[in-house]
There are 2 protein chains.
Amino acid sequence: MAAEKHEPPALSPTEWEVMKVLWERGPLAARDVFAGLPRDARGKPVHDWAYRTVKTLLSRLVAKGALDYEQVGNSYLYRAAVAQEAMARQEVGGLLDRLTSHTGAAGRKVVSTVLAQFLGDAELSDDEVRQLQAALERNRRAAPGKPPRRGGRSK
Amino acid sequence: MAAEKHEPPALSPTEWEVMKVLWERGPLAARDVFAGLPRDARGKPVHDWAYRTVKTLLSRLVAKGALDYEQVGNSYLYRAAVAQEAMARQEVGGLLDRLTSHTGAAGRKVVSTVLAQFLGDAELSDDEVRQLQAALERNRRAAPGKPPRRGGRSK
DNA sequence: GTCATAGGACTACATTTGTAGTCGTTGTGT
DNA sequence: ACACAACGACTACAAATGTAGTCCTATGAC
């Protein structure tokens with residue numbers, strides 16, 4: 001009951017961009033986060049953000065509890081305080097909920113069709129395909145009948 | 001070149017809720033959209049919105065081009081002007097992009113793991129499971145090797 | 001010890017979103 | 001015709017988000 005590790009703070013799209021840098025490269029100073037932002041093939045930054053902007057995002061992320069930091073010299077070393085997987089789960093769950101909650105079979109079908117399109121076109125490694133296939137297999141064994149049951153809320 | 005049917009207007013979560021009513025029940029007057037909002041088992045509205053709020057959302061959706069309307073008597077009959085599938089595709093695509101763009105294999109793996117969890121736990125009908133399995137099969141045949149290729153940009 | 005500077009804290013401001021309220025108009029019942 | 005109820009148009013306002021700027025301080029170079 002005491003553990004309230006759930007409901008992480010919901011990241012905005014730009015905040016995700018910053019978090020991805022930290023999840024991939026580990027703890028970094030603000031300068032290095034800035035430098036680590038994605039660039040296109042020609043080396044041009046994908047996001048045209050001022051350094052200040054990144055600083056603001058880092059501060060907001062600390063305020064949200066998504067990052068914490070450690071002072072090192074005159075600057076902070078920022079480090080992800082939430083797991084990428086937890087955030088990804090939250091986003092995906094939120095989306096599926098938005099798209100399907102309180103919707104009849106038709107609405108759910110639309111979503112599953114769209115999902116199928118993405119799964120068919122995505123660039124997936126063989127391992128990923130196998131992982132997803134296994135998940136569907138598991139689903140099938142768990143839900144013998146077809147009638148869509150009220151799903152397991154992990155709450 | 002002339003056809004610019006793409007890039008529909010991105011709906012906020014509350015706007016989705018309104019659109020779902022119209023997609024499911026077809027053209028409705030504001031009153032009926034309001035009345036058609038989801039309710040829980042005990043008949044209590046899931047969203048505690050004032051009628052005005054719904055009116056505001058309908059207006060914004062018209063402004064965004066997601067709805068259009070036809071005057072009928074003294075009121076408007078609102079009708080979805082964008083397909084649910086198109087919007088769902090946009091949302092799913094946007095999410096996958098946010099979570100995986102400019103990310104290495106590690107980031108993509110996290111997402112595929114999360115997806116697998118949802119696919120395993122979701123309440124899917126047998127048909128939906130088959131549809132998704134077929135999509136993965138298709139993916140497999142399309143991408144013989146494993147190296148994640150640059151995906152098909154539909155532009 | 002002094003001074004330039006990188007860095008963090010605080011401030012700024014337009015837009016979008018969530019949530020409504022006010023007001024004037026128009027159709028409706030009598 | 002008249003009064004009123006229902007509608008839609010316009011207005012309101014706080015929080016979140018995208019995008020930065022200002023300013024003070026601790027740090028490091030001499």
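By convention in this document, chain letters (A, B, ...) are assigned in the order of the sequence lines, proteins followed by strands, and residues within each chain are numbered from 1.
- Remark on DNA chain D: of its neighbouring residues A:N74 and A:A10, the 5'-side contact belongs to A:A10, judged by nearest-heavy-atom nucleotide.
- When each of C:dA20, D:dT17, D:dA20 is scored by its nearest atom to the side-chain atoms of A:S12, the top-ranked nucleotide is D:dT17.
- In this entry the distance linking CG of A:L67 with C1' of C:dG8 reads 15 Å, nearest Å.
- The aromatic rings of B:H102 and A:H47 lie perpendicular to each other, with more than 60° between the two planes, well past the 30° mark.
- Atom C1' of nucleotide C:dG7 and atom CD of A:E70 are separated by 16 Å, given to the nearest angstrom.
- The distance between atom CG of B:L28 and atom P of D:dG8, rounded to the nearest whole Å, is 13 Å.
- The shortest side-chain heavy-atom distance between A:L124 and B:L136 falls under the 4.5 Å cut-off.
- Whole-Å rounding puts the B:R31 CZ to D:dG8 C1' distance at 12 Å.
- The interatomic distance linking A:E17 (CD) with D:dT17 (C1') rounds to 15 Å, in whole Å.
- Residues B:E24 and B:K20 are not paired through a salt bridge, judged by the lack of any N-O separation under 4.0 Å between the basic side chain and the carboxylate.
- Taking the charged nitrogens against the carboxylate oxygens, A:K109 and B:D127 have no contact shorter than 4.0 Å, which rules out a salt bridge.
- For the pair A:T100/A:V110, no side-chain contact is recorded, criterion being any heavy-atom separation below 4.5 Å from C-beta on.
- One finds no side-chain N or O of B:T53 lying less than 4.0 angstrom from the OP1 or OP2 phosphate oxygen of C:dG18.
- In the displayed structure, B:D40 atom CG is contacted under 6.0 Å by more than 12 heavy atoms of other residues, nucleotides or ligands.
- The side chain of A:S75 lies closest to C:dG8 when the candidates are D:dA20, C:dG8, D:dT17.
- Phosphate proximity of C:dG18 to B:T14: present, with a side-chain N or O under 4.0 Å from OP1 or OP2.
- Mapped onto DNA chain D by nearest heavy atom, A:A50 and A:G73 fall at different nucleotides, with A:A50 at the one closer to the 5' end.
- Atoms CG (B:L57) and P (C:dT16) sit 16 Å apart, rounded to a whole Å.
- The aromatic rings of A:F34 and A:Y51 sit perpendicular, their planes meeting at an angle over 60°, well past the 30° parallel limit.
- Straight-line distance from the CG atom of A:L11 to the C1' atom of D:dG18: 15 Å, rounded to whole Å.
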Could you list the protein-to-nucleotides 9-16 of chain D atom pairs, N/O on both sides, closer than 3.5 Å?
{"residue": "D:dA9", "atom": "OP1", "partner": "B:Y76", "partner atom": "OH", "Å": "3.0"}

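- Look at CH2 on A:W49: it is 8 Å from P on D:dG18, rounded to the nearest Å.
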